[in-house]
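Atoms within each ligand, like the ligands themselves, are counted from 1 in listed order.
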Amino acid sequence: MRYGYFDDANREYVITTPETPSPWINYSGNQEFFSLISNTAGGYCFYKDARLRRITRYRYNNVPVDSGGRYFYIREENGEFWSPTWAPVRKKLDRYECRHGLGYTRIYGEKGDIGGEVLIFVPQDFNGEVHKVTISNKGSQTRNIRLFSFIEWCLWNAYDDMTNFQRNFSTGEVEIENNTIYHKTEYRERRNHYAFYSANTDVAGFDSDRYEFIGRYNGFDAPQAVVEGKSRNSVADGWSPIASHSFDIMLQPGEQKVIVFVLGYVENDPDDKWEAYNVINKKKAKKMIERFADPKQVDEALEELKQYWDGLLSRYVLDSSDEKLNRMVNIWNQYQCMVTFNMSRSASYFESGIGRGMGFRDSNQDILGFVHQIPHRARERILDLAATQLEDGGAYHQYQPLTKKGNNEIGGNFNDDPLWLILSTAAYIKETGDFNILEEMVPYDNDPSKAANLFDHLRRSFYHVVNNLGPHGLPLIGRADWNDCLNLNCFSTEPDESFQTTESKDGKVAESVLIAGMFVYIGNEYVRICENIGEYEEAKAAKEHIRKMKENILKYGYDGEWFLRAYNDFGEKVGSKENEEGKIFIETQGFCVMAGVGVETGEAQKALDSAWKYLDTEHGMVLVNPAYTRYHVELGEISSYPPGYKENAGIFCHNNPWIMCAETVLGRGDKAFELYRKICPAYREEISDVHRMEPYVYSQMIAGKDARRHGEAKNSWLTGTAAWNFVAISQFILGIKPDYHGLVIDPCIPKSWDGYRVTRYFRGAVYDITISNPNHVSKGIRSLTVDGKEFIGNVLPIFGDGKVHKVEVVMG
Ligand code: BGC
Ligand code: NOJ
């Protein structure tokens, strides 16, 4: 069952009922100001950092779900009122439609003769949301309605805002001038920023005190001011500041009226904070308000945003006969890659914006799916991430976006972390050819006195593994590796301890076969970087470490039919046929084969066959099998989840693409694509009642076969799944791979495909690539022509001439 449909021409997902199985959300904002917007106008916005600069309040895990947003109330002559976005009043609408587009959301509700449309988006280069509200009279009578707006301010620090009430209930301050309500809590002391909510039309009244507007015992669905039809003109003084306007709107038959609201954020120079004693300097706010005084300016800004996306999405365009594949590759997967790049794992409907900032591992991987869109932003991110690296090559696990300073709040010593920096840098250089990035001076531990060039950071990343090997010559796992829940040194028996920050063992025994596989795959990129910049001795030494690692994986990391997962602190195997539960894990099957381990000698193929045999389900591959049914103190959080959820045998979508990539290494395009389809949201749209999350973006997890809710997704949007699936489909399956000295063509597709066309922008030229598959093979190129001339090999040259080059590839 579906709850909407894809409108590919407009690049929108159109939701046709407000009662989706879960709020289905969208994002807006790509630079510094970001918004989350649900299909009923819920959500919140923040400046740079969802924890430290939260602008509007949102109540996670509330009843009813999705509480807090940009709310509008239409009050009719008879005193009845409703919301055009359905929430918060939730009165049945005669028509409802939500269009989530790229960076904007448009919601339309109609009741009787009145229609209300709310367009919400963050314009380009603008620190604020614009709400364009259009009220129309579809009937034959003149109508007099009263419109109320409503948003609730967050007191900046989202964590403090939901915990420190003894202070917060006394600090709230606002200023009101004309049609604008300014939120200035704490501005009198150390803050130099404020927010505002303005309207471009004269108000009938306003409110800025929540209790006055809502009433102490009412809900958002029936604010007292709306019930009575009259704003209180309240001025907040402590308690909970809000912003609400009211307007009297007279509509002739067929007439419509538009009101533009700006919800903005301003930072002032500390020396220029005030315009009079304790009166905030409003100059910048007024400029922002002015910018959207006329609805035409809003339409222009939306058009600009659409053009911006036209540009971004023109860099990789697939034309195939499969419309679901086209819409994922060309629109939604790339869009999600931008969102994960922006947010890391900080703010979604599952990530509260408080728990995590920018993850070292996460953000490096996000770059893999984003780098082709805006390479210079990827570059900046790589340097920011590298600046949080520690001198021994290890890394802080995350940093706050506002300060860009690394911290250990959710643990440290994850021994996979450093390798991801090499991988993202390699992806950046392959995309751009910009080897100069390696010369950039970057601090260690955010301390400028400890700066070295980026290449030195990569070197330390590589040797962090080499310097931390365990008894089998495999990498010590540290706190955990990619699988945050495989906590082999934790041994926690205390429910109040965090699995991520508790460490009871010295960490000298437990080893990770995944890090070993990563070391081979990513280490090879390090070698190639070294060779490219003339560090031949270093390349040679690194190769030797990789060779040894490969040997150790096959000697100690292979279990007969698949790759082991790890050794625990007792030196016992994890992910082995000898184990009672957790016999086989997905991660090592994917990564070790991607790295080429055992490809020539047969172990690789056996490993992937075992993955299909033991891990596959109709909804994708589970992370581990059999699931853990009891708590294993020596394994940690993984065994804390009920079977079938999250890392304990959930279908963890992030590492399914590793299997897809691995399948292409073996040339098995049918298998690669079969798995692609299983977890891909557009193909799951028809079972939206089972999947339950947005059908246009990946979720982190789909409940595994051991769970009662098998097939149900959770944790949508912010997941490395986005980047890895884009890499799997665009580079490994469709086979268009940027490389250091050219664009490699190496498809691995289902045999039944006749062909497809990809238009790829690469280093200043456009490659218009047509691939045909007359002999119905999965892999292999029979002939290749470039601009009509026969071409030997499959590494297309770097033209860089701003022209379009026609590439004809015949497989066979
Ligand atoms: C989750 C992991 C996540 C970790 C982050 C765990 O509870 O299961 O998926 O990576 O928290 O700290
Ligand atoms: C989500 C985390 O963000 C990511 O870093 C981790 O690799 C996966 N969970 C698996 O535990």
Side-chain angles (χ1 to χ4, degrees), residues 336 339-341 343-348 350-369 385 395-399 407-421 423-424 477-488 490 492 495 497-503 512 514-515 517-518 565-566 585-588 590-591 621-624 627-628 631 635-658 698-704 707 713-725:
Q336 188 177 5
V339 173
T340 56
F341 173 83
M343 299 285 138
S344 199
R345 305 298 168 268
S346 66
S348 74
F350 296 86
E351 299 280 7
S352 64
I354 292 170
R356 304 202 269 175
M358 309 301 282
F360 190 91
R361 169 202 295 142
D362 297 321
S363 289
N364 275 304
Q365 286 173 84
D366 292 343
I367 283 170
L368 309 178
L385 287 160
Y396 286 112
H397 204 41
Q398 65 161 12
Y399 67 80
N407 67 62
N408 277 326
E409 274 187 33
I410 58 161
N413 296 333
F414 295 83
N415 282 351
D416 64 314
D417 270 344
L419 289 175
W420 298 115
L421 180 67
L423 192 61
S424 64
I477 195 168
R479 179 95 53 207
D481 57 27
W482 171 89
N483 190 334
D484 273 332
C485 298
L486 200 59
N487 315 118
L488 303 182
C490 176
S492 174
E497 285 173 353
S498 148
F499 287 107
Q500 258 73 47
T501 54
T502 304
E503 211 167 67
S512 161
L514 173 62
I515 302 180
M518 284 175 57
R565 182 61 178 80
F585 282 69
I586 194 171
E587 302 101 309
T588 39
F591 238 100
M621 282 196 193
V622 298
L623 189 145
V624 59
Y628 295 105
Y631 178 55
L635 300 179
E637 186 171 359
I638 186 164
S639 59
S640 74
Y641 286 113
Y645 288 106
K646 294 278 288 180
E647 283 83 343
N648 188 15
I651 294 156
F652 219 91
C653 298
H654 186 137
N655 35 43
N656 276 249
W658 297 348
Y698 286 95
S699 292
Q700 180 202 57
M701 188 218 40
I702 299 170
K714 276 194 193 126
N715 301 4
S716 57
W717 283 96
L718 301 188
T719 161
T721 309
W724 274 105
N725 270 286

Report the nearest protein non-hydrogen atom to [atom]: residue, atom name, distance rounded to 0.1 Å.
atom                    : result
atom 1 (C) of ligand 2  : Q700 NE2, 3.4 Å
atom 11 (O) of ligand 2 : E647 OE2, 2.5 Å
atom 9 (O) of ligand 1  : E647 OE2, 2.6 Å
atom 5 (O) of ligand 2  : D362 OD1, 2.7 Å
atom 11 (O) of ligand 1 : Q500 OE1, 3.8 Å
atom 4 (C) of ligand 1  : D484 OD2, 3.6 Å

Checking side-chain polar atoms at under 3.5 Å, does H397 have a donor or acceptor matched by the opposite partner on Q500? no

Atom indices of ligand 1 within 4.0 angstrom of [X] heavy atoms, with elements:
X    : result
Q700 : 9 (O)
E637 : 6 (C), 7 (O), 8 (O)
K646 : 1 (C), 2 (C), 8 (O), 9 (O)
R356 : 5 (C), 10 (O)
Y641 : 1 (C), 6 (C), 7 (O), 8 (O)

Would R345 and D366 pass as an ion pair if we require N to O under 4.0 Å? yes

Any salt bridge linking R479 with D417? Criterion: basic side-chain nitrogen under 4.0 Å from a carboxylate oxygen. no

So which atom in T719 and which in S699 form the shortest heavy-atom distance, rounded to 0.1 Å? CG2-C, 3.9 Å

Check for me whether F499 has a heavy atom closer than 4.0 Å to any atom of ligand 1.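 Contact check F499 vs ligand 1: negative.
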
Just wondering, do K714 and Y645 contact through their side chains at under 4.5 Å, heavy atoms? yes

Aromatic rings W724 and H654: how do their planes relate, parallel, tilted or perpendicular, breaks at 30° and 60°?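 The rings of W724 and H654 sit tilted, inter-plane angle from 30° to 60°.
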
With a cutoff of 4.0 Å, is R356 in contact with ligand 2, counting heavy atoms of the residue only? yes

Against ligand 2, does H654 come closer than 4.0 Å with any heavy atom? no

For atom 7 (O) of ligand 2, state which one of W420, F360, W482 supplies the nearest heavy atom.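 Result: the heavy atom closest to atom 7 (O) of ligand 2 is in W482.
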
